[in-house]
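In what follows, a single structure is set out as structure tokens and then discussed.
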Amino acid sequence: MFPLNNNDSALLKSTQYHNDSSQNQFSTPFQYQSQNLVRQNDYKELLPSNIADIDHPDNIITLLEKTFQNGQIYIDLGQNTLISLNPFQNTNHLSDTLIQSYKKDFLNKSATQQNYLSQPHIYKLAELAKQACWSKNNIYNTCSILTQGISGSGKTVASKAILEYIAADSKSGLYISSTLNKVEIEQRIISSDIIFEAFGNAKTQKNSNSSRFGKVVSIQFEKNGKISSGKIMTTLFERTRLTQNRYIDRNYHIFYYLFTAYHKIQDLKSFAKSQEDVKYDIVKLVEEISKLDLDSEFMLLGIQNQILISQDDQNNIEEEQRQSNEDFLNFTKLLLAFDDLDFSLEEIVNIFKCIAGLIHLKEDNYVKAEEFLMIPNLQQTINSNIEMSRLSKKLQSESIVNGIIMDFYYKLFSWIQNKININLSQDYDVNKKHILNVFDSFGFEIFENEYGIQQNQFEQLMLNYINEKLQSFYYFSIAENAQKKFQSENLNLLKVDFQKNDKVISVIEDVIFTSIKDCIKLQRSTQNLKDIIKKQTQEKNLQDILIDETQLKKKQEKLTQSQITHKFLQNIICIRHTGGEVYYQLDGFIQNNKYTISQDIQNINKMSSNSIIKSFTQQSQTQTVSDITQKDINEIIQQFKKSETWFIKCFQTNYQQMPQNFDKIAMKTQLSQSGIEQCFQLLYQTYLLSIPNEEFFNTYQIIYPNTKNLDEWKNALNQQFQDQNNIQFLYFGSNNVLIKEQLKRDFDFRRDQMIQNQQNLPYLEIQLRQQYDEQIEMILADNEKKIQELNIKIEIKEKEAKYQQQRADYLEALQKKMIQIFEKTQGYYTQQMEELKQIKQECDNNIQALNQTYEGYSNLKNQENGKILIFGQIQDKSQQ
């Protein structure tokens, strides 16, 4: 039953998937069955626009597939989450025209209407997040957008789309679109993204433009909505990619951009001559690029690996040409982006010389390396750091060179970031608030070789660790947002338990990271690391999160190819992550977690006459990657906890990157990795539309027209459906009614039916009257015909009796016999009269039935619109 007290919650709860609300003393269940309100066929083609409106996580994939088949790539999940499906083709969901359309729509609609009227879209999310920076309920006046998903799912595209929309939506009007004028802070933010992609993104097996670092772009607005400044923070830059090329993967884009530009120098000269508005001497820059001696193939670019692959398929020649053209186009965009962010000619030349010097250094071409890095006696310095040990001089030299490449490139990346921040953040003041953070984050990552065997290293552990931290924050945000909504309505939220990932995070932070640092301090080997990890997981009661090869050998069920391989390996561990089992090779964990470049090698930059290289600062060898990463991600999460946060969950529709292909198995795997299934119950229970109480009653009073207020309406609803099962939610709060969208549709259907009935009532009245008159006329005509037939029979009988009487006068002798005949005739006449009376009685009964029917019609009409005047008593007419 619905309580009359608005402080108590009135719930329509699911019997299919939700906890028993009878265990919660603060909620009162209401029995309701939605199919009694709406016929199933009425909405069979209408797909939910929010995943939280379906009743079980098993139906998520089906809904996503139907959404994708309908040509949509976006669908909402709860209140603050958007699902984005990568279609691997241009679907026109992102364009300048659409940006302008959304800007116009939001100017014409209020914030409340937007939630109901606008279809799920990334521009909608961006607008709502921006508007929330000025919300009275947002005490920090700060909002954040977090993109998540595996590599290739579209995180980078999503982040770029948000930045482009925010830039185009800036009140300054200086940045309009990608096809119009690009000036001031809006364009500088867009251009910074181009630079970060060039130096921080790479082609991988699953993604041709994979971000190999985490990036938070913070945009600050003035009170009038104009962008005033920006700031960019990065974390967990993948240094090892520089020296460890893998199957199909490329190094960072900039190496190929510069290599292609060198080989297309004439095209580059033509481009430079056409750029009259560039502030630095771009023609001089092209001359400097032509001197970089990038003629042959280079190991750092992994070109040998790419050529070997292309020999297996001659069709790749066209693909390589396409890639070359794309690299050249992106390089020209990079040169213009440098100009937008006020890089000087000297700075750009020094950056490219540093890149070229690292390429030559990897080739052991010390002459060219010294020339472009501008470091004299570089080879001698490297040789002087080679020690007498079991490792050969060649291996030690290669290790030092790799260390220099990773060190220099990472510090070059940091220098570029600092240069961009100086340009963007001149007016940035965290105390002024009105800040929107956009985090292009990490997704769950499992690296497999060409045989499908997992070969995850320390880098994958760090990526998956950050993903687990962000998943934990996602769970926290969902629960907190739900609690705020219900508390604002003086309602008590049902307690919903779901599987969180606290144990997984504890294994990584409190066991693995701690064990690695202990091994570094005590100079222990990787084998010691594994023993320490196993021991500490048992001591902390976390052994159910960890799997090793001994457990794999005991498994009875069918093993995967990775499990078969790893059960024979001695130095692996497996973690049961949110997204499934991930096997890590512990070899290299200790080495990759510490900063191994000696102080002497770090100091070689001081000898460089390249001003950028010379400015590189030393990094403490006591710092570990895990320490820095843990610190960075905790700071980001704390920053997000002081803001209203929106989430974008990105999905690859298939691993082959094919358009119009929805792979259910791939989607199911990613769904498990996303953490959505784990918290679906809470999402379903707490995602409700909010409608003000007065508006709700005024809208749906017609369903129960005799009710005078919301309390009476609740009672009427309760009385009608109290004995039926339920599948929907309905809460009556102190200010608003919280209702599931499907239930609202049911109420809308009933309301529309009632309104339609009222509109059709005059027509129905006329139609029924005509039918009634026609039936009366038919009955009267039938009765008149029967009476005529009886009169004819009576007349015949009377003539026959007269004839018989006349004959009796003449036939006295036959008097007795004639009397008998007469008596017979008289009896027959009496029988006919009885039949006549019966027919007449039937007529009277029919007339009485018609009166009763009409009286029922009159009573029905009186209930709806008042009394209908009775046409008259049919019985009187019949007697007449």
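Every heavy atom of this structure was used, including side-chain atoms; hydrogens, water molecules and symmetry mates were not.
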For the pair V504 and Q471, evaluate side chain to side chain contact (heavy atoms under 4.5 Å, CB included) and give the outcome as yes or no after the intermediate values. CA-CA 11 Å; V504 179; Q471 292 290 10; over 6 Å; no
Taking the side chain as everything from C-beta on, heavy atoms only, tell me whether N634 gets closer than 4.5 Å to K469. yes
Can you tell me if R751 uses its side chain to pair, donor with acceptor, with the backbone of T699 under 3.5 Å? no
Name the orientation class of the two ring planes belonging to W134 and H434 (parallel below 30°, tilted from 30 to 60°, perpendicular beyond 60°). parallel
Evaluate the side-chain proximity of C143 to L436: yes if any heavy-atom separation is below 4.5 Å, no if none is. yes
Side chains of D748 and Y700 only: does a donor on one sit below 3.5 Å from an acceptor on the other? yes
Taking atom CD1 of I145 and atom CD1 of I166, what is their separation to the nearest 0.5 Å? 6.0 Å
Which pair of non-hydrogen atoms, one from N501 and one from S472, has the smallest distance, and what is that distance? OD1-CB, 3.5 Å
Give the ring-plane orientation class for F747 versus F696, where under 30° counts as parallel, over 60° as perpendicular and anything between as tilted. perpendicular
Quick check: closest heavy atoms across D76 and K124, and the distance to 0.1 Å? OD2-NZ, 3.7 Å
If you take all heavy atoms of S153 and N86, which pair is closest and at what distance? O-CB, 3.5 Å
d(C650 SG, I73 CD1) to nearest 0.5 Å is 9.5 Å
Rounded to the nearest 0.5 angstrom, the CG-CD1 distance for L125 and I162 is 6.0 Å
Does the plane of the ring in Y123 sit parallel, tilted or perpendicular to the ring in H121? Use 30° and 60° as the thresholds. tilted
Apply side chain to side chain contact (heavy atoms under 4.5 Å, CB included) to Q148 and F439, showing your working. CA-CA 9 Å; Q148 286 182 284; F439 186 9; over 6 Å; no
Main-chain N/O of Q652 paired to Q670 side chain as donor or acceptor, under 3.5 Å: yes
Does some side-chain heavy atom of R745 sit less than 4.5 Å from a side-chain heavy atom of F749? no
What is the ring orientation for W713 with Y704, classed by angle as parallel under 30°, tilted 30 to 60°, or perpendicular over 60°? perpendicular
Could you walk me through whether E489 and K485 pass the salt bridge (Lys or Arg N to Asp or Glu O under 4.0 Å) check? CA-CA 7 Å; E489 295 296 333; K485 174 186 283 188; over 6 Å; no
Find out whether L64 and F68 are in side-chain contact, i.e. whether some heavy atom of one side chain is under 4.5 Å from a heavy atom of the other. no
For Y684, does its backbone N or O pair with a side-chain atom of K740 as donor and acceptor, under 3.5 Å? yes
Can a donor-acceptor pair be found, under 3.5 Å and without considering hydrogens, that links the side chain of D663 to the backbone of I665? yes
Taking atom types as modelled, find out whether Q639 and N437 have a side-chain donor-acceptor pair closer than 3.5 angstrom. yes
Check whether S506 reaches the backbone of D502 with its side chain - one donor and one acceptor, N or O, closer than 3.5 Å. no
Considering non-hydrogen atoms only, spot the tightest contact between T707 and A716 and give its length. CG2-CB, 4.0 Å
Can you tell me how far the CG atom of N141 sits from the NZ atom of K223, to the nearest 0.5 Å? 10.0 Å
Do any N or O atoms from the side chain of K155 and from the backbone of T147 form a donor-acceptor pair under 3.5 angstrom? no
Testing the basics here: between A52 and Y687, what is the closest heavy-atom pair and its distance to 0.1 Å? CB-CB, 3.6 Å
Within a reach of under 6.0 Å around CD of Q483, are more than 12 heavy atoms found that belong to other residues, nucleotides or ligands? yes
With the side chain counted from C-beta on, respond yes when M667 and L85 share a heavy-atom pair under 4.5 Å apart, and no when they do not. yes
Residues I676, I83; criterion side chain to side chain contact (heavy atoms under 4.5 Å, CB included); working and verdict: CA-CA 10 Å; I676 293 173; I83 301 295; 3.7 Å; yes
N80 vs T645 side-chain heavy atoms within contact, under 4.5 Å: no
Answer with yes or no whether the side chains of S49 and Q119 bring together a donor and an acceptor at under 3.5 Å. no
Close side-chain approach of N481 to Q79, heavy-atom, < 4.5 Å: no
Quick one about S643 and S144 (side-chain donor to acceptor, distance below 3.5 Å, no hydrogens or angles considered), yes or no? yes
Aromatic plane relationship, F486 with Y731 - under 30° parallel, 30 to 60° tilted, over 60° perpendicular: perpendicular
Inter-residue atom distance N138.CG - Q131.CD, 0.5 Å rounding: 12.5 Å
Under 3.5 Å, is there a donor-acceptor pair between the side chain of N467 and the main chain of G443? no
Before you tell me yes or no, could you show the steps for E677 and K668 under salt bridge (Lys or Arg N to Asp or Glu O under 4.0 Å), namely the whole-Å CA-CA distance, both residues' side-chain angles and the distance that decides it to 0.1 Å? CA-CA 10 Å; E677 286 183 322; K668 178 66 176 176; 2.5 Å; yes
No-hydrogen, no-angle side-chain donor-acceptor test under 3.5 Å, N845 and Q841: yes
Quick one: does NZ or CZ of K130 land under 6.0 Å from the six-membered ring centre of Y165, within 45 degrees of the ring axis? no
Could you walk me through whether Y474 and S674 pass the side chain to side chain contact (heavy atoms under 4.5 Å, CB included) check? CA-CA 10 Å; Y474 180 60; S674 70; over 6 Å; no
Work out which heavy atom in G733 is nearest to a heavy atom in N693; give both atom names and the distance. O-ND2, 3.2 Å
Is K642 close to Q638 at the side-chain level, that is, under 4.5 Å between some pair of heavy atoms? no
Any sub-3.5 Å donor-acceptor pair from E741's side-chain atoms to L689's backbone N or O? no
For the side chain of T653 and the backbone of F662, is there at least one donor-acceptor N/O pair under 3.5 Å apart? no
So, taking the atom named CD1 in I122 and the one named OH in Y74, what distance separates them when rounded to the nearest 0.5 Å? 4.5 Å
